[in-house]
Amino acid sequence: MSDDDDVILVKKPKTLYYGSLEEQEKARLAALAAAVKEGVEDGDAKELGDIQISNEYMELEEEMSRDKKALLEEFERRRKARQLNVSTDDDEVRRSLRQLGESVCLFGEGPAERRVRLRDLLSYLGEDAINKKLEEEEARIERDRGREGTWYHEGPPELRESRLWIARYSLPRAKERLMKAREELKLSGSIRAAAKQESQRRASAMTIYCSQIGDARPISFCRFSNDSQMLITSSWSGLIKVWSVPDCKLLQTLTGHTCNVSSAVFHPDAAVPHHFTRMIDKESDQQNSMDIGEEVSRSVTMASSSYDGNVHLWNFASDKPMASLEGHSPSRVARVEFHPSGRFLAATVFDHSWRLWDLETATEVLHQEGHAKPVYSVAFQGDGSLAATGGMDAFGRVWDLRTGRCVMFLEGHLGAVLGATWSPAGHHLATAAADHQAKIWDLRRRACLYTIPSHTHLISDIRYQRSHGHFLLTSSYDKTAKLWSNPAWHPLKTLSGHDNKVMSVDISLDNKYIATSSYDRTFKLWAPDLV
């Protein structure tokens with residue numbers, strides 16, 4: 001018997017329904033809506049069906065138009081990208097990416113891919129995006145420089161009087177300087193060129209004229225007097241000495257400092273007194289001492305500064321300081337410099353400021369900040385209207401003493417600015433720095449004209465020829481001093497002879513001698529050896 005015999009087949013009866021289903025469907029939907037409204041989810045409701053009801057809807061036309069717009073923009077961007085001119089020089093492409101603030105190189109990226117990436121960036125940002133970035137960066141630097149670079153403080157009432165006095169003093173001198181320059185321009189070019197060539201020829205013929213042991217410790221500074229007959233030197237032993245020129249005879253020893261003396265300078269009107277003249281002529285010291293009180297002026301003739309913050313004023317009548325300018329301690333005073341009028345004295349201090357003193361009243365009329373690090377060097381323009389300062393922050397500043405404003409910011413050195421000097425023309429300024437370079441600045445263009453890679457070590461001092469500015473003198477820790485022609489800035493002469501670093505140099509006003517002082521405790525006079 002087969003298995004098919006055990007299966008009982010039941011025939012499903014046919015059921016006929018009469019009437020319309022519309023009424024039943026309406027009832028079902030009404031019951032479902034009531035259940036959703038009341039939040040009732042019973043078994044009967046589930047049997048009615050699983051219908052999702054939502055009020056959210058999507059505008060198909062809006063979405064389609066948005067996608068179409070994005071697609072058209074992408075086509076337009078690609079069309080512009082194909083028209084952009086991007087350099088094939090990989091170095092220039094790298095610079096452009098860096099200016100845009102993008103990565104210079106991605107992993108596995110070659111020059112071609114880098115160029116394509118730059119083109120895509122420019123298609124998004126615009127073809128002039130690089131120029132805009134540069135303009136924004138320059139504007140930011142200028143804005144930060146103006147906000148953070150210069151500091152102004154309210155000064156005492158004497159400051160206004162001093163500024164007015166300096167203005168009245170400097171304007172006639174500026175007028176005289178311009179008249180002199182116009183008179184020189186009336187000369188033929190051949191005459192002016194011949195005078196310059198002769199001056200540079202004498203400079204290139206400089207040789208050692210005199211060498212003198214100046215002290216038991218390094219000689220830190222040296223300067224000529226304006227009459228070119230005296231030389232003042234300062235030493236780390238605390239002594240300041242006055243020497244005759246060119247005999248190098250010791251005329252006076254000034255004792256008053258108790259530590260390293262950083263600088264010593266003559267007053268602009270300082271001249272050889274009669275008792276010094278007799279000393280040079282080998283007359284007796286007794287007779288000299290008897291006549292000192294009658295013949296020597298009691299006014300200030302010298303000034304000096306030291307590491308302990310003391311600034312002393314001296315005259316030829318005594319070896320002790322006649323006065324001291326207090327207020328710098330405990331900060332070190334690096335340099336002092338007389339104003340061309342002789343009434344004011346500037347001092348650079350390691351508290352990030354420089355001071356201006358009125359010697360007639362012995363008061364500090366200006367306490368000027370503006371450098372981020374200690375101020376080291378200072379120099380006055382010949383007219384007396386401008387002052388240049390150099391700091392350990394590698395920046396220099398030019399100050400208008402008549403208004404107090406910083407009229408030029410000297411940016412470009414990579415090391416401390418250790419020296420500054422003005423040309424006799426009044427619009428050129430030279431600075432020396434620890435980056436082994438000297439820079440020439442033009443105040444009219446407000447820019448650096450030339451950079452002289454002068455030495456192989458830091459430049460300790462720099463001086464223009466004071467009469468005409470035909471050459472420039474620099475000294476360095478590479479044991480040499482060098483002369484440079486103006487305006488080509490070719491080397492004229494290298495003054496070699498010191499056994500250690502040269503710490504200071506100067507040129508006499510009559511252009512006959514050059515003085516150098518050194519760490520080897522000697523100073524030397526150089527003169528042209530002309531046949």
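Just so you know, residue 1 is the first one in the sequence shown, and it goes up from there.
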Check your understanding: Rounded to the nearest 0.5 Å, how far does OG of S299 lie from CG of D269?
Key -> 8.5 Å
Practice item. On the 0 to 90° scale, with breaks at 30° and 60°, tag the W314-H312 ring pair as parallel, tilted or perpendicular. Key: perpendicular
Practice item. Show your working on ring-ring contact (aromatic ring centres under 6.0 Å, His included) between H428 and Y464 and close with a plain yes or no. Key: CA-CA 10 Å; H428 284 168; Y464 258 110; 7.6 Å; no
Exercise for review: Take E158 and T361 through the test side-chain hydrogen bond (donor to acceptor under 3.5 Å, both in side chains) and record every step on the way to the result.
Suggested key: CA-CA 10 Å; E158 295 83 1; T361 59; over 6 Å; no
Point to revise | D520 (side chain) donor-acceptor with D499 (main chain) under 3.5 angstrom | key: yes
**Study point:** Parallel, tilted or perpendicular: ring planes of H339 versus F344, cut at 30 and 60 degrees
**Key:** perpendicular
Practice item. Evaluate whether atom CZ of R202 has more than 12 neighbouring non-hydrogen atoms of other residues, nucleotides or ligands under 6.0 angstrom away. Key: no
Check your understanding: Are the charged groups of E183 and K180 less than 4.0 angstrom apart, N to O?
Key -> no
Check your understanding: Would you say the side-chain atoms of N500 pair up with the backbone N or O of Y519, donor to acceptor, closer than 3.5 Å?
Key -> no
Point to revise | T421 side chain to A379 backbone, donor-acceptor under 3.5 Å | key: no
Point to revise | Pair K439 + D435, salt bridge at N-O below 4.0 Å | key: no
**Study point:** S228 side chain vs D510 backbone, donor-acceptor pair below 3.5 Å
**Key:** yes
Check your understanding: Checking Q229 side chain against V272 main chain: does a donor-acceptor pair fall under 3.5 Å?
Key -> no
Exercise for review: Can you sort out the partners of V417 under side chain to side chain contact (heavy atoms under 4.5 Å, CB included), two or more places apart, ordered by chain and number?
Suggested key: S377, H413, T431
Exercise for review: Might you confirm whether atom CZ of R466 has over 12 heavy atoms from other residues, nucleotides or ligands at distances under 6.0 Å?
Suggested key: yes
**Study point:** Donor-acceptor pair, side chain of S220 and main chain of S234, under 3.5 angstrom
**Key:** yes
Practice item. Indicate the atoms forming the closest heavy-atom contact of V502 with Y477, along with that distance. Key: O-CD1, 3.8 Å
Point to revise | Main-chain N/O of A271 paired to S225 side chain as donor or acceptor, under 3.5 Å | key: no
**Study point:** P528 and K493, any side-chain heavy atoms less than 4.5 Å apart
**Key:** no
Review point. Which atoms form the tightest heavy-atom contact between A420 and L429, and what is the distance?
Key: CB-CD1, 4.5 Å
Review point. Quick one: are V261 and S235 in side-chain contact, heavy atoms under 4.5 Å?
Key: no
Practice item. Would you please indicate if the ring centroids of F224 and Y513 are separated by under 6.0 Å? Key: no
Practice item. On the 0 to 90° scale, with breaks at 30° and 60°, tag the H455-W484 ring pair as parallel, tilted or perpendicular. Key: perpendicular
Review point. Would you find a donor on one side and an acceptor on the other, under 3.5 Å apart, between the side chain of S324 and the backbone of E326?
Key: no
**Study point:** Intermediate values then yes/no, side-chain hydrogen bond (donor to acceptor under 3.5 Å, both in side chains), Q381 and S385
**Key:** CA-CA 7 Å; Q381 188 198 35; S385 58; 2.9 Å; yes
Check your understanding: Backbone N or O of V505 within a donor-acceptor pair of the D461 side chain at under 3.5 Å?
Key -> yes
Exercise for review: From the options R177, K175, R402, R168, select the one residue that forms a salt bridge (Lys or Arg N to Asp or Glu O under 4.0 Å) with D383.
Suggested key: R177
Practice item. Indicate yes or no: at least one non-hydrogen side-chain atom of L366 is less than 4.5 angstrom from one of S162. Key: no
Point to revise | From CG (N226) to CZ (F266), nearest 0.5 Å | key: 10.0 Å
Point to revise | Spatial distance of atom CD (Q368) from atom CZ (R397) [nearest 0.5 Å] | key: 8.5 Å
Study note, to complete from the structure: From the list H328, H367, E369, side chain to side chain donor-acceptor pair (under 3.5 Å) partner of S353 resolves to H367
Exercise for review: Nearest 0.5 Å please: distance from the CG atom of L100 over to the CZ atom of R98.
Suggested key: 11.5 Å
Practice item. Quick one: do E198 and R201 satisfy salt bridge (charged side-chain N to carboxylate O under 4.0 Å, His left out)? Show the steps, please. Key: CA-CA 5 Å; E198 175 63 19; R201 185 180 73 88; 3.0 Å; yes
Check your understanding: So how far is it from E184 CD to I191 CD1, rounded to the nearest 0.5 Å?
Key -> 11.5 Å
Review point. Quick one: do D506 and R463 make a salt bridge, cutoff under 4.0 Å?
Key: yes
Review point. Counting only N and O atoms by type, is there a donor-acceptor contact under 3.5 Å from the side chain of R343 to the main-chain atoms of D358?
Key: no
Exercise for review: Enter the distance from E364:CD to L356:CG here, rounded to the nearest 0.5 Å.
Suggested key: 9.0 Å
